[in-house]
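Structure record follows, encoded as C-alpha cells.
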Amino acid sequence: MWNNIYAWLDERLGFNDLYTNLLDRPEPKTSWWNTLGSASLFLFILQGLTGIFLTVYYTPSPDHAYDSITYIMEGVAFGWLIRGIHHWGATLMVLVVFIHMLRVFFTASFKYPRELTWLIGIGLFLTTLGMGFTGYLLPWNQKAYWATTVGTQIAGTVPFIGEFILKVLRGGPELSALTLQRFFAAHIWIIPAILAALIGIHLYLIIKHGESHFPEKED
Amino acid sequence: MSDSHELSRRDFIKVTTGIVGGLIGAVVGLPSVFYLIDPALREGGKDAWIPIGKFEDMQVGTPYPFSFTRVQVNGWERTASSFGGYAVRRSDSPDDLLVLNSRCTHLACTVNWSEEGRVFLCPCHDAAFSMEGEVLNGPPPRALDIYEEHRVNEEGIVEIFFKEG
C-alpha cells in the first residue's frame, strides 16, 4: 500500500526526479574539501532553527535583552543548549563559509561557467558576516555594546557618506534602543531573507553546472 | 562489488547518513521540545490568604466588590495580575458568605454587578449570572467560580485563600 501511495505522490511531485537530480547526480572525483558547501548549508539550517527557538524567549529591548538571555541560559530547560549551538554555530558558520570560499578560489572553481555562482557566493559570505555582526549586539552585554559601538564607528569613517551610514546603522547618532531593535530586525528578517534567496540561486547553479573538476598538472 | 549479502558502498553511505542525521535531529529536536514547553511544566507560585474587605461593610443582599493584585515572576519579568470578585452575604448569619470570582466562565472577561437587574452582567457576550453566580442567560458553560476557602480574622476582615496557577 505504501508503494502505491508513494507512486501516486511521486507521479505528481516527482520525488524520484528530485532525488536523482539533487542527491544522485554525477560527481567528479571528489574530496572532503567538496563537502564545505553542504556543511555551510547545514549550519545555516541549524542556525535558522535554533534562532527561531531563541526568539521564543528573547526580547530585543534594552530593558530586557540581557535578562531574557540570562533566563534562557539559566531558567529554561535546555536553553543553554539551544543558545550554545547558536553561539558556536555562528562562529563555525563564518569559518566554514570562509574556508569554502578559499577552496573554490584555490581549485579555480570560479571560472567559466561558474562566475555567477562565485559572485553569489561572495554575497553569501558578506551576508553571513552581516548575520555575525548584527547577532553580536543582541545579548546587550558590555562586549556586544562596545563591539557594535566600534563596528558602527568604523562604518562611519567612510568619506562623505560615513555619518549617514553610521546613523542608518544605529538608528540615530548614538547606540540606543533603536539600534538594538533594528539589529534584531536585520538579524532575524532582512539578512536571513537575502541569505535564503541567495542560497536558493547558489544551489540552483550548482545543480545546473555540477561540481567542478579539480585542476590537474596539465590544466 | 555488489554481492547481495554485503552492504554496497552506496547503501553504507545512505545508512550512515540516515543514522548520523537522525542522531543530530534527536540531539537538537528533543531538547527543543522541552525548551518550547518549559513554561507549561512549571509549578504554580505561592498560596496566600488575601484580605478582601471588612465583614461589617458587606451588606446582606448587596454583592461587595473587591479586587487584588498578585505579582508573579514570569521569566525575566515580574508581572502583576489583577483578580477580582464579589463577596455575597445571603443572610444575616456570618457563615453564610459566598465569595465569587468575577472572571466570566465563558471567555474570562470581568463581570459587573448590575443593581437594576440584580444580576452580574458580562460586557463581552451579554451573559447574566444570578447573585449566587448561577448562569441565567448567555453562553457561559458553568456558574461563576467560587473562592471556597475564606475566613474572617480577629480584626473582622474577610480573607480568601488564593492558589496561584
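Below, chain A is the first sequence line, B the second, and so on; all start at residue 1. Because the structure is a prediction, the values reported are computed rather than measured.
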Using a 4.5 angstrom heavy-atom cutoff, name the option from A/L81, A/L54, A/L49 with the most pairs to chain B.
A/L54
Pair B/Y147 + B/F161: ring centers closer than 6.0 Å:
no
Please classify the contact of A/L46 with chain B as side chain, backbone, both or neither, using a heavy-atom distance under 4.5 Å.
side chain
Heavy-atom distances under 4.5 Å only: say whether A/F78 touches chain B with side chain, backbone, both or neither.
both
Would the SG atoms of B/C124 and B/C109 measure under 2.5 Å apart?
yes
Shortest non-hydrogen pair, B/D38 vs A/G75, comes out as OD2-O, 3.8 Å
Portion of A/Y57 that has a non-hydrogen atom of chain B nearer than 4.5 angstrom
both
Check this for me: does any side-chain nitrogen of one of B/E116 and B/R118 sit under 4.0 Å from a carboxylate oxygen of the other?
no
Of the options A/W146, A/Y145, A/W140, which is the one that meets A/Q142 in a side chain to side chain donor-acceptor pair (under 3.5 Å)?
A/W146
Which bit of B/L41 is near chain A, if near means a heavy-atom gap under 4.5 Å: side chain, backbone, both or neither?
neither
Would you mind telling me which of B/V28, B/I37, B/L36 has the largest number of heavy-atom pairs within less than 4.5 Å of chain A?
B/L36
